[in-house]
Structures are given as structure tokens and as C-alpha cells.
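In this chain, numbering begins with 1 at the start of the sequence shown. Values below: every heavy atom of this structure, side chains too, minus hydrogens, waters and symmetry copies. These numbers come from a predicted model, not from an experiment.
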Amino acid sequence: MKKLHFDYCMQISYSSRVDRCHYTMKCIPVDSDRQHLENWHITFTPENPWMRGEDSFGNQTIYGSVDDPHDQFNVQIVGEVTTGLADYETDRQASGIGMFRYPYGLTKAGDRIRTYHRDLELDPNASAFDRGFIMMQQLYHDFIYEKKVTDVNTSAEEALTLGKGVCQDYAHILIALCHLEQIPARYVAGMMIGEGASHAWVEIYHEGGWYALDPTNNQVVDDNYIKLGIGRDASDCLINRGLILGGGEQLQTIWVNVIEK
């Protein structure tokens, strides 16, 4: 168990003035069996009214709007989370497990992933966790971490064909492989010590609980991680989403710092 201090900053600069924007932010760590958010504070520039809610996946969500003209939008959230409270999460929405059993969006398997899965020759009698762990290890061995070769729209099939990518791609591929094994699996967005940016990993359903695996680092998720949200793929838990009037081109920069207190 650890107490982690986190500082998440996002800056969006626009090439021309934004007259108005409406946004949705999913940057508040969730309370779960594994972690507890103890205090937090969020700051927006320009200042604007906002309210807190929850989406259909249980992700903590902030809704707001900026009605004054601006050429930059900044958000900073700072807080503390106690992590490592349990080895897994119990499912609080048992009826929702089904949505994580089947391919969706960027996790749909094509011929490349199906062939890769067949070549693994997994033991059908092994537990869901053991099969997920083996697939994670093999993916880590076969896939190369490299930035700027994929983007937010790259599918698991495209990434595996390319043979390299970032944490989002590792997570999408592992989810696709789990689905081929009939294992419910979901995408997790979050942060971790030493990363310096947002991170992504996978939770698989095993014997009544969700167990977290990080294929990018080839390890079981431990108390160095802070979970922000879940979804069927990355699009379900995008940290920032919105509509703007004006603005031209956008440049988004994110800084993340997670340290143990």
C-alpha cells in the first residue's frame, strides 16, 4: 500500500481565438477496492463554472463550458490517492460484464491478430488470469514500444501489423486477444510513478474480479498506478473531449507527475 501524490496538467493552445467551448474531462481518480482518492483540487484557466458527474462506465466526469473568448485552455488537477488496497476489483455492475466480452471499436481482431492468437497455442484449461498473463508476456516480447508511429485512431489490428506502438496499442491488442479467448477485458486509462504522461493498461475478468495487467511494462499492476477510468477501448475514457466554436489548429500538451508521499 502506498500514498501517491499526483499532478496532472493539460494545456491546449489554439492558432486563432475560440469564442466558446464545451468540454468533458475524465481526470479524477476513481474510488475502488484497489484505491481511494483522499483529496483533490482542480483549476481551470480561463475560470469557468463546472459540475461533477459520472458516465455509464462509472468514470468520474467533469462537465463545463467557457463562454468568453480565449486562445488557450489549461486544466490542472492535484491530489492524493492511497493505492494497493486490494489485489483486484470486485465488479459493481455485474450486468455490465457482457459489454467487455466482445470486440468493439479499436479492439476488433482481424486476420493478423487471429493468426497471432492461434500461434500462441494456449492451454484451454488454464485460468483466465494465467492465459491473460501468458498473452501479455508474449506481446511484450514481440511488440516494440515506439512513439509517433501510431495515433489515437490506430486499431489493434493495425498496430500489431506494424509491430510497434505505445501503451494504448499494447492495451488494445491484449484486449483483442482476450476476447478471442472469451475473457472479458477492458481498457484502463491512468497514471503511474515515473511515466511522466498518462498511461494505459488492461483489466481482465477472472473468478468474480477484475485483475489489472500492464502489457507495456510486462507486469501485474501494483500500487505504483493510479486508475482514472475504464472503457471498451481508449475512446470510452478519453481524458478530454469537447466542442469549440472557432479555434483553428490545436496543440495539446500534457504533463503528469506521480510520486510517493
Side-chain angles (χ1 to χ4, degrees), residues 5-30 37 39-81 104-106 146-155 158-159 162 165-169 171-172 187-192 194-200 226-259:
H5 174 85
F6 69 91
D7 188 344
Y8 179 95
C9 301
M10 182 186 70
Q11 180 185 87
I12 304 176
S13 299
Y14 303 97
S15 61
S16 60
R17 188 183 69 177
V18 174
D19 294 313
R20 178 180 298 175
C21 79
H22 303 275
Y23 63 85
T24 301
M25 298 288 300
K26 299 180 183 180
C27 56
I28 305 174
V30 299
L37 176 63
N39 60 74
W40 61 281
H41 176 72
I42 193 165
T43 303
F44 289 99
T45 306
E47 293 184 3
N48 63 91
W50 55 270
M51 62 181 183
R52 182 178 177 182
E54 190 174 283
D55 70 8
S56 58
F57 298 100
N59 301 322
Q60 297 300 300
T61 307
I62 291 176
Y63 307 94
S65 63
V66 181
D67 297 326
D68 297 324
H70 57 282
D71 57 14
Q72 193 169 92
F73 178 80
N74 301 330
V75 58
Q76 179 180 24
I77 179 169
V78 178
E80 296 174 1
V81 179
Y104 171 83
L106 300 176
E146 186 172 327
K147 296 179 180 180
K148 298 182 180 180
V149 294
T150 58
D151 59 33
V152 295
N153 299 310
T154 302
S155 69
E158 293 167 336
L162 187 62
V166 293
C167 57
Q168 173 179 298
D169 305 302
H172 283 156
Y187 186 97
V188 183
M191 305 174 281
M192 67 177 294
E195 185 72 9
S198 54
H199 192 48
I226 296 175
K227 177 178 177 178
L228 294 177
I230 60 167
R232 295 161 295 180
D233 67 5
S235 66
D236 284 334
C237 40
L238 286 174
I239 291 176
N240 174 54
R241 176 175 281 170
L243 296 172
I244 63 172
L245 179 62
E249 296 183 357
Q250 302 179 33
L251 176 62
Q252 178 174 288
T253 307
I254 294 174
W255 301 271
V256 177
N257 187 35
V258 179
I259 59 173

Take Ile239 and Tyr8 through the side-chain contact (heavy atoms from CB on, under 4.5 Å) test and state the conclusion after the steps.
-> CA-CA 11 Å; Ile239 291 176; Tyr8 179 95; 3.4 Å; yes
CA sep, side-chain torsions, deciding dist, call: Asn74, Gln72, side-chain hydrogen bond (donor to acceptor under 3.5 Å, both in side chains) = CA-CA 7 Å; Asn74 301 330; Gln72 193 169 92; 3.3 Å; yes
When you look at Gln168 and Thr150, which way does the side-chain contact (heavy atoms from CB on, under 4.5 Å) test go after all the steps?
-> CA-CA 9 Å; Gln168 173 179 298; Thr150 58; over 6 Å; no
Start with the C-alpha gap between Asp7 and Gln76, add the side-chain angles, then the distance that decides, and say whether side-chain contact (heavy atoms from CB on, under 4.5 Å) holds.
-> CA-CA 7 Å; Asp7 188 344; Gln76 179 180 24; 2.9 Å; yes
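Identified under the side chain to side chain donor-acceptor pair (under 3.5 Å) test for residues 232-250, with sequence neighbours left out: Tyr104-Arg232, Arg232-Asp236, Asp233-Ser235.
The CG atom of Asp19 sits 5.0 Å away from atom CG of Leu245, with the distance rounded to the nearest 0.5 Å. Distance check, rounded to the nearest 0.5 Å: CE of Met25 to CZ of Phe44 gives 5.5 Å. Annotation: the span from Trp255 atom CH2 to Met10 atom CE amounts to 10.5 Å, rounded to 0.5 Å. For the atom pair OG1 of Thr24 and NZ of Lys26, the computed distance is 7.5 Å after rounding to the nearest 0.5 Å. To the nearest 0.5 Å, atoms CD1 (Ile42) and SG (Cys27) are separated by 4.0 Å.
By the ring pair (Phe, Tyr, Trp, His ring centres under 6.0 Å) test, Tyr187 pairs with His172, sequence neighbours left out. Under the rule for a salt bridge (Lys or Arg N to Asp or Glu O under 4.0 Å), the partners of Glu146 that lie at least two apart in sequence or sit in another chain are Lys164. Take Asp71 and apply the salt bridge (Lys or Arg N to Asp or Glu O under 4.0 Å) test, not counting sequence neighbours, and it matches no residue. Under the side chain to side chain donor-acceptor pair (under 3.5 Å) criterion, Thr45 pairs with no residue, sequence neighbours left out.
Sparse packing is recorded around CG of Leu243, with 12 or fewer heavy atoms of other residues, nucleotides or ligands lying under 6.0 Å away.
In this structure, the side chains of Phe6 and Pro29 come closer than 4.5 Å at one or more pairs of heavy atoms. Within the 4.5 Å cutoff, side-chain heavy atoms of Met191 are placed close to those of Leu228. Contact annotation: the side chain of Ile254 approaches that of Gln252 to within less than 4.5 Å [non-hydrogen atoms, C-beta and beyond]. Side-chain contact between Tyr23 and Asn48 is present, with at least one heavy-atom pair separated by less than 4.5 Å. By the 4.5 Å heavy-atom criterion applied to side chains, Glu80 and His5 are counted as neighbours.
Taking each heavy atom of Thr154 and Glu158 in turn, the nearest pair found is CA-OE1, 3.5 Å. Across every non-hydrogen atom of Gly231 and Cys237, the tightest pair is N-SG, 4.1 Å. A pairwise comparison of heavy atoms in Phe57 and Asp55 identifies N-OD1, 2.9 Å as the closest pair. A pairwise comparison of heavy atoms in Cys167 and Ala200 identifies SG-N, 3.6 Å as the closest pair.
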Using atom types as modelled, flag every donor-acceptor pair under 3.5 Å from a side chain in residues 60-68 to any protein atom, sequence neighbours excluded.
from, atom 1, to, atom 2, distance (Å)
Gln60, OE1, Arg52, NE, 3.0
Gln60, OE1, Arg52, NH2, 3.0
Gln60, NE2, Glu54, OE1, 3.2
Thr61, OG1, Asn59, O, 3.0

